[in-house]
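I have placed the structure first, in the form of structure tokens, so that the comments after it can refer back to it.
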Amino acid sequence: MSTSKPINHELEKNMEVISQLDDIVGEAVDNILVDPDDCWQPSDFLPDFQNPEVFEEVKLLQKRAEGIPDTVLTSLIGNMITEEALPSYQTYFNLLEGINDERSLLNPSGWVRWSKSWTAEENRHGDLLNKYLYLTGRVDMNAVERTIHRLITNGFDPKSESDPYQAMIYTSFQERATKISHVNTGKLADKAGDHVLSKICKTIAGDEARHEKAYKTFMSKIFEIDPSGAILAFEKMMRKQIVMPAVLMGQGGSNPSLFEQFSAITQKVGIYTGWDYARIIQHLVDHWKIEALTGLNDMAAKAQDYLSNLADRYMRLADRMKAPDEVQLAWLK
Ligand SMILES: [Fe+2]
Ligand SMILES: [Fe+2]
């Protein structure tokens, strides 16, 4: 009697296609991702403690940050916490089938290099926002640190199974969502008079835009090679819905509904809303020219119908959804 897992032909095909993309992904590491010596680093935006006048700089920073509304600040803290846990997603990436068959992080393949360079770039986002928020003097840092600790402890499940196709759908969606969220936070920071924070948010959003572009390109390639498989993965991910990476931030803690609180605030202040969710779906449907795909098998043709109308359905849902009247702040002094 065999104890091995039953063969999953769909997954095997997806693994095969993913390995065909390895060169393209390697090129993206070299051309789209950045070298540590050539890109911005968190300290570029922060007071320099080697400067004898640094406490004046800190005072100015605090003065500027004074005008940021508590709701916007809470939302920014939630985004920072999400970013702080991001390097741990390197694990998730390397557990996908077909990405790292040799189970070695020193494997020179494009995919393994991508998983490391991408998460290394993301690490700067958490670093910068964490230090900035600490310096504002408005944040209960111990509460924040406990949430980060708990989130990494809990891990996350993007519901993509270990299917690399679904994972590329998830990351394409998620990078765009993060970009939108940082762009909107930047606008609100500007409005509140903190142009440094605004610049920080826009800079981070620029990174997310590069990541989004890369993930969409990888997925476009999959659509070219295997349109039916690609569209089925898109449908599966959309039926399961995209969960935010920080969804487990409160689980097991003294406030298990912390994530729901945080997302109610982002919805209320317009940093990330139901309309954004619908617009991202529409963008991806257009980008991958879902409605124009031909030569699909029966199941894939059904997925095409489903996806073609999906953004409209979410748009109507968002129209009906009322922003919460009352929200509960978190992580503030
Ligand atoms: Fe990020
Ligand atoms: Fe990103």
Side-chain angles (χ1 to χ4, degrees), residues 25 28-36 38-46 75-94 96 99 110-111 113-133 144 147-148 151-152 155-156 158 160 164 167-189 197-219 237 242-247 249 259 262-263 266 271-272 276-277 280 283-284 287:
V25 175
V29 175
D30 299 327
N31 300 322
I32 299 182
L33 296 184
V34 289
D35 185 276
D38 303 332
C39 65
W40 66 266
Q41 294 295 346
S43 58
D44 299 342
F45 298 88
L46 295 164
S75 177
L76 179 63
I77 297 168
N79 286 346
M80 176 265 274
I81 291 167
T82 310
E83 295 282 3
E84 282 284 54
L86 223 141
S88 71
Y89 308 158
Q90 197 180 95
T91 315
Y92 154 70
F93 207 93
N94 280 279
L96 296 168
I99 295 287
W111 281 113
R113 286 173 59 221
W114 172 273
S115 75
K116 294 183 290 181
S117 297
W118 165 58
T119 47
E121 279 196 15
E122 294 284 358
N123 183 56
R124 296 173 307 153
H125 302 171
D127 243 13
L128 173 54
L129 293 174
N130 192 323
K131 287 183 178 123
Y132 185 87
L133 284 160
V144 166
T147 308
I148 295 170
L151 175 58
I152 298 176
F156 101 121
S160 59
M168 291 306 116
I169 299 284
Y170 180 86
T171 46
S172 296
F173 191 107
Q174 195 52 44
E175 290 289 352
R176 190 171 178 85
T178 321
K179 176 185 79 181
I180 290 169
S181 188
H182 288 305
V183 165
N184 288 335
T185 309
K187 285 182 190 160
L188 291 168
L197 178 59
S198 169
K199 198 167 160 214
I200 288 173
C201 293
K202 281 176 200 157
T203 304
I204 295 175
D207 280 8
E208 313 298 13
R210 272 188 298 112
H211 303 157
E212 177 198 344
K213 183 172 172 241
Y215 281 120
K216 284 191 316 203
T217 306
F218 302 159
M219 200 60 218
M237 239 17 261
I242 300 291
V243 286
M244 292 294 143
V247 68
M249 59 164 58
F259 179 79
F262 158 56
S263 63
T266 58
I271 282 179
Y272 184 71
D276 292 316
Y277 193 95
I280 296 172
H283 171 83
L284 295 175
H287 184 83

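Counting starts at 1 for both ligands and their atoms, in listed order.
- Taking the six-membered ring for Trp and thresholds of 30 and 60 degrees, W118 and W114 have nearly parallel ring planes, at less than 30 degrees apart.
- Closest approach of V183 and A205 over heavy atoms only: CG2-CB, 3.7 Å.
- The minimum distance between the Fe ion (ligand 2) and any N, O or S atom of E175 involves atom OE1.
- For the pair I32 and A214, the tightest heavy-atom approach, listed with the atom from each and the gap, is CD1-CB, 4.1 Å.
- Under 2.8 Å from the Fe ion (ligand 1), one finds the following protein N/O/S atoms: E83 OE1, E83 OE2, E122 OE1, H125 ND1, E208 OE2.
- Counted by atom type alone, S75 and Y272 present zero donor-acceptor pairs between their side chains at under 3.5 Å.
- When each of L76, I271, D276, T266 is paired with S181, the side chain to side chain contact (heavy atoms under 4.5 Å, CB included) condition holds for I271 and for no other.
- Between the side chain of R124 and the backbone N or O of E121, at least one donor-acceptor pair lies under 3.5 Å.
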